[in-house]
Number of protein chains: 2
Amino acid sequence: MKISGASLDLNATEYGITLDPTFTMLEFDGLRVLPVQTEPLIPGHAPASVQVPAPQHSSVNLCAICADRATGKHYGASSCDGCKGFFRRSVRKNHAYTCRFSRQCVVDKDKRNQCRYCRLRKCFRAGMRKEAVQNERDRISCRREGQAVGTLTIDVLMQAEAFTHQNLSQNLMRDINTKKIACVGDVCESMKQQLLLLVEWAKRIPEFCELSVDDRVALLRAHSAEHLILGVARRSLPYNDIILLGNDFIIPFRGTEQEMSKVAARILEELVRPLKELNITDTEFVCLKTIVFFAPDCPGLQCAQAVRRLRFQAQVLLDEATSEQRGRFGELLLLLTTLQSVAWQMVEQLQLMRLLGKANVDSLLMEMLLGEEATRGPEALQASESDPEPLIFSTATESVLSRGILAEHIPMPNFTSVILPVPSSLPEDPLLPTHTGSEVFTHGQTADMTRETSSSLAMPTVHTCL
Amino acid sequence: MKISGASLDLNATEYGITLDPTFTMLEFDGLRVLPVQTEPLIPGHAPASVQVPAPQHSSVNLCAICADRATGKHYGASSCDGCKGFFRRSVRKNHAYTCRFSRQCVVDKDKRNQCRYCRLRKCFRAGMRKEAVQNERDRISCRREGQAVGTLTIDVLMQAEAFTHQNLSQNLMRDINTKKIACVGDVCESMKQQLLLLVEWAKRIPEFCELSVDDRVALLRAHSAEHLILGVARRSLPYNDIILLGNDFIIPFRGTEQEMSKVAARILEELVRPLKELNITDTEFVCLKTIVFFAPDCPGLQCAQAVRRLRFQAQVLLDEATSEQRGRFGELLLLLTTLQSVAWQMVEQLQLMRLLGKANVDSLLMEMLLGEEATRGPEALQASESDPEPLIFSTATESVLSRGILAEHIPMPNFTSVILPVPSSLPEDPLLPTHTGSEVFTHGQTADMTRETSSSLAMPTVHTCL
DNA sequence: TGAGTCGGGTCAAAGGTCCC
DNA sequence: AGGGACCTTTGACCCGACTC
């Protein structure tokens with residue numbers, strides 16, 4: 001805050017009392033030696049117009065303190081740069097000088113640095129006002145400092161994202177009209193691919209890799225449905241009323257299977273459309289994705305506080321990435337409630353279709369989307385819950401219900417599994433060769449990829465992917 | 001002028017951590033403007049686009065960035081000449097500033113030159129647009145409108161909120177230990193009270209009253225569960241591990257009925273705890289509530305765009321109410337996904353208990369929370385759906401499932417009802433006499449209130465409440 | 001039409017920088 | 001550890017096209 005209105009007054013008083021009892025700023029306004037010149041200035045016209053006692057080197061051109069060449073009026077007095085700087089520094093730092101002699105030192109160009117007390121006094125007497133010295137301002141120089149609130153950076157997130165998009169440009173090449181309409185099986189295949197990519201994406205975030213295995217698994221399980229929806233919505237941004245899957249199939253707004261049409265319509269209407277209107281950038285997208293990913297309320301999280309910090313960093317990054325447009329940050333964040341709603345509807349739909357035998361849901365989807373372990377049926381899961389609440393239904397339908405919301409907050413039981421090594425930092429080359437990437441993720445080679453990524457076990461689970 | 005050499009250091013200490021140096025403000029080019037509204041605003045009324053929390057005097061004359069005297073609207077925000085020039089120079093020269101502190105510097109008349117990063121960011125947040133800065137002297141013929149935020153104000157929201165809290169202080173008087181533990185019936189009673197209060201709250205927002213009846217009903221139905229949870233979380237903030245209902249019953253963290261304990265635990269853990277940590281203010285609370293309320297994705301909404309604008313205004317108000325603390329706005333908004341999750345779990349739990357006969361769910365709860373009309377069973381609702389999708393289950397269990405998520409986006413069929421008059425603007429005295437309020441909402445008089453509020457029909461519905 | 005608004009621009013006098 | 005020559009930024013003020 002403002003220090004020393006008081007101390008400066010004290011300072012001035014001190015000068016006034018010891019030297020010149022009549023010394024005050026107001027009086028100086030009156031008995032100013034130099035003309036106070038506040039008349040309307042004509043632009044381009046020198047302010048020296050009025051008072052011209054001496055022809056050439058009028059006093060306006062001379063420093064009123066030391067008679068050096070003046071560079072203009074400063075703080076109320078025509079002065080040189082030296083006296084200007086001296087006055088500013090003295091006032092800013094609230095310096096208290098003392099005269100070693102009898103306070104009658106000559107202050108001129110040569111001797112102005114011999115007595116700071118007398119120089120400052122002459123500044124005041126020449127009309128300089130301490131009020132004209134402003135607050136310290138921002139630095140101009142371009143040297144950079146300051147550091148991050150956390151370690152999460154846009155760069156890391158963008159690189160992780162780039163990895164999952166090596167097939168995107170290829171898809172864009174092909175005409176959208178030549179793509180085939182997806183059946184339920186195609187959708188499931190695409191989801192599986194994307195979930196594996198999500199795991200790979202996460203593994204490229206060093207902060208994720210530093211978490212415990214259980215927490216990594218918990219995070220991957222918790223909001224995978226949102227990530228699928230978010231990803232598909234982003235991929236579909238360039239098109240109209242068409243959802244483009246990761247394996248190059250499409251879901252049109254109309255004319256698809258009933259089971260998928262509702263979710264598809266909501267994706268297009270409630271997510272793709274707003275995202276189009278916002279014209280979301282890549283930076284914003286990865287921030288949103290990261291915010292969804294580091295979900296501190298995720299059930300069974302051991303280190304929820306660390307996850308909360310990471311999400312905080314991510315949302316601050318998004319805030320900064322959007323700060324040029326009022327309301328944009330909020331609009332993007334509010335899309336997450338919509339995303340959650342659509343994702344849950346998709347999960348319920350999937351669960352329903354699985355129970356009706358309309359969809360062949362494999363173990364990875366079971367674990368990450370439906371929140372169940374592939375090796376067990378829903379009954380086994382229920383039996384393993386520690387909650388003593390009596391079972392209300394024992395039919396498969398209960399599973400639909402409980403998977404939706406209730407069971408989301410039942411911690412998964414740990415089970416032994418093979419954990420593949422996790423990189424402790426970013427790999428030397430975070431991007432796989434483009435060739436491999438585009439080949440692996442092309443439709444028709446899904447099985448290869450699955451086998452490749454989870455090689456040590458026949459059955460893919462989140463644990464084995466890590 | 002005042003001297004404040006120490007202020008920066010003070011700030012630095014206060015802010016603590018600092019942030020990423022690589023950030024630049026002006027790296028984006030083609031950002032579009034948000035939910036574009038070109039609606040005709042009342043000329044001459046031009047509400048201050050942004051206003052500082054406190055003053056209610058003519059904020060139109062104050063600079064939205066630094067609160068200096070404004071010289072008019074510049075680049076989309078009411079601002080002073082200094083901020084006008086600063087914004088133009090920054091945009092023209094494509095400056096990239098860096099905050100030396102933690103990007104939450106105070107920007108006011110005295111300190112506006114201390115951090116150009118934070119000043120520029122505040123310019124954007126106040127509504128200034130890069131596009132409004134022209135390159136040369138040639139003017140763009142089309143005189144762009146100043147993007148006014150809207151008519152929603154903190155004052156109106158706070159007054160509406162005050163109405164619903166007339167009984168709060170009374171409750172606080174009584175010792176928390178003397179309160180009784182709620183049974184399921186008490187919870188349902190409390191919910192009904194609170195839902196009626198929600199209707200009254202909404203009716204005190206002029207912008208709500210200007211919507212069509214169908215839209216008003218749709219909004220009230222859409223997120224009532226979230227409002228119940230949000231309200232109960234806020235009411236419980238002063239206590240530890242105890243949920244305080246509106247009718248003065250309590251739900252302890254442990255020792256309540258199984259059906260309620262899970263939801264109660266999540267409310268305490270995932271909502272009350274973070275809200276305590278954030279120490280949410282009343283202003284922030286009403287903004288959050290309003291954001292939840294004006295849900296543009298709400299099914300069956302005719303005028304979704306208007307609702308979107310209102311939510312936009314509300315989130316900008318929240319942003320401004322939180323702008324002094326970095327990350328706070330985002331943390332508050334992210335609580336809404338948690339709120340949604342908890343609310344849905346509560347609805348499923350309630351649905352379950354209703355089906356099991358454990359809870360006596362009356363018609364208002366049915367309509368607002370479970371999304372069904374009281375006069376019909378679930379079968380009737382399904383039969384009225386226009387969607388030709390074949391029924392999969394015809395048991396009551398299907399209803400549980402579909403109510404959860406699927407049916408949320410099935411538009412409710414219209415039905416004739418009695419509509420009580422809606423005030424077209426704020427009533428002369430927006431607050432009912434305290435006497436009436438505190439009596440009506442005291443526990444034990446719920447039946448009276450219900451009868452009073454929906455007097456024209458024996459059966460309360462949202463329509464009749466309006 | 002004439003006052004009001006909001007783009008543009010200018011430049012005195014603030015500021016900061018950095019070698020001495 | 002200042003001093004001061006030299007450069008940058010600020011903002012009060014003005015102009016002019018356009019609107020009401």
Side-chain angles (χ1 to χ4, degrees), chain A residues 37-49 60 63 65-66 68-93 95 97 109-114 116 119-120 128-143, chain B residues 1 5 8 40 43-44 46 60 63 65-66 68-93 95 97 100 109-116 119-120 128-147:
Chain A
Q37 169 68 0
T38 329
E39 69 163 346
L41 298 174
I42 298 104
H45 208 255
S49 52
V60 219
C63 173
I65 293 95
C66 70
D68 194 359
R69 196 176 61 85
T71 61
K73 284 184 78 174
H74 302 293
Y75 310 114
S78 173
S79 65
C80 65
D81 268 339
C83 291
K84 166 196 168 189
F86 169 76
F87 187 77
R88 179 177 58 223
R89 282 190 296 270
S90 300
V91 171
R92 283 258 180 84
K93 296 183 158 181
H95 273 312
Y97 306 125
K109 180 170 166 31
D110 294 328
K111 296 187 273 296
R112 64 188 177 197
N113 281 321
Q114 288 181 1
R116 291 187 285 185
R119 188 184 191 183
L120 183 57
M128 283 193 174
R129 294 165 295 110
K130 64 184 192 314
E131 293 81 14
V133 176
Q134 300 175 355
N135 288 337
E136 196 177 347
R137 285 187 187 172
D138 200 1
R139 300 271 168 267
I140 290 179
S141 71
C142 47
R143 64 176 183 207
Chain B
M1 288 290 171
L8 284 178
V60 207
C63 172
I65 292 94
C66 70
D68 196 359
R69 195 178 62 83
T71 61
K73 288 187 78 171
H74 302 291
Y75 312 115
S78 173
S79 64
C80 64
D81 271 337
C83 291
K84 167 195 167 188
F86 171 76
F87 187 76
R88 183 179 54 224
R89 284 191 301 270
S90 299
V91 171
R92 284 260 179 79
K93 300 167 100 171
H95 270 311
Y97 304 127
R100 291 177 295 151
K109 180 168 164 39
D110 290 328
K111 295 190 270 296
R112 64 188 175 199
N113 281 318
Q114 288 180 4
C115 180
R116 291 178 295 170
R119 187 185 194 181
L120 182 58
M128 285 191 173
R129 291 166 293 112
K130 283 164 72 169
E131 305 76 43
V133 176
Q134 293 152 16
N135 280 331
E136 292 179 26
R137 221 193 242 275
D138 51 67
R139 289 187 52 96
I140 299 173
S141 61
C142 120
R143 179 82 153 271
R144 290 291 304 177
E145 84 301 343
Q147 195 178 4

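Just so we're on the same page: letters track the sequence lines, and every chain starts at 1. Note: hydrogens, waters and symmetry copies are ignored here, and every other heavy atom, side chains too, is used.
Residues that satisfy the ring pair (Phe, Tyr, Trp, His ring centres under 6.0 Å) test with Phe87(B), not counting sequence neighbours, are Tyr75(B), Phe124(B). For Asn113(A), the side-chain hydrogen bond (donor to acceptor under 3.5 Å, both in side chains) partners two or more places apart in sequence, or in a different chain, are Arg119(A). Residues passing the side-chain hydrogen bond (donor to acceptor under 3.5 Å, both in side chains) test with Lys111(A), sequence neighbours excluded: Asp108(A). With sequence neighbours left out, Asp81(B) forms a side chain to side chain contact (heavy atoms under 4.5 Å, CB included) with Thr71(B), His74(B), Lys84(B).
Considering only side-chain N and O atoms, Tyr75(B) lies under 4.0 angstrom from the phosphate OP1 or OP2 of dG8(C). OP1 or OP2 of dG16(C) lies within a sub-4.0 Å distance of a side-chain N or O belonging to Arg92(A).
One can place CZ of Arg69(B) at 12 Å from C1' of dC13(D), the figure rounded to the nearest angstrom. Rounded to a whole Å, the CZ atom of Arg88(B) is 10 Å from the C1' atom of dT10(C). Lys111(A) places its NZ atom 18 Å from the P atom of dG3(D), with the value rounded to the nearest Å. Rounded to whole Å, atom P of dG11(D) lies 11 Å from atom CG of Asn135(A). For the pair Gln134(B) CD and dC6(C) P, the computed distance is 13 Å after rounding to whole Å. To the nearest angstrom, P of dG11(D) lies 8 Å from NZ of Lys109(B). Taking atom CG of Asp110(B) as the reference point, atom P of dG15(C) lies 14 Å away to the nearest angstrom.
For the pair Arg92(B) (side chain) and Gln134(B) (backbone), a donor-acceptor distance under 3.5 Å is present. The backbone N or O of Ala77(B) lies less than 3.5 Å from no partner atom in the side chain of Arg129(B), so there is not a single donor-acceptor pair.
Stem analysis of DNA chain C (at least three stacked-register Watson-Crick or G-U pairs, each with both distances under 3.5 Å) gives C:2-20 with D:2-20.
Here the straight-line distance linking atom SG of Cys80(A) with atom CD1 of Ile65(A) works out to 7.0 Å at 0.5 Å rounding.
Within the nucleic acid shown, Gly85(B) has no heavy atom closer than 4.0 Å to any nucleic acid atom.
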Check the interface with nucleotides 6-10 of chain D: list each N/O to N/O pair with the protein under 3.5 Å, or write none.
from, atom 1, to, atom 2, distance (Å)
dT9(D), OP2, Lys93(B), NZ, 3.2
dT10(D), OP2, Arg89(B), NE, 3.2
dT10(D), OP2, Arg89(B), NH2, 3.0
dT10(D), O5', Arg89(B), NH2, 3.4
dT10(D), O3', Asn113(B), ND2, 3.3

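Residues Leu120(B) and Met128(B) have side chains not in contact (no heavy-atom distance under 4.5 Å, counting atoms from C-beta outward).
Residue Arg139(A) places no side-chain atom within donor-acceptor reach of the base of dG15(C), judged by atom type and a 3.5 Å distance cut-off alone.
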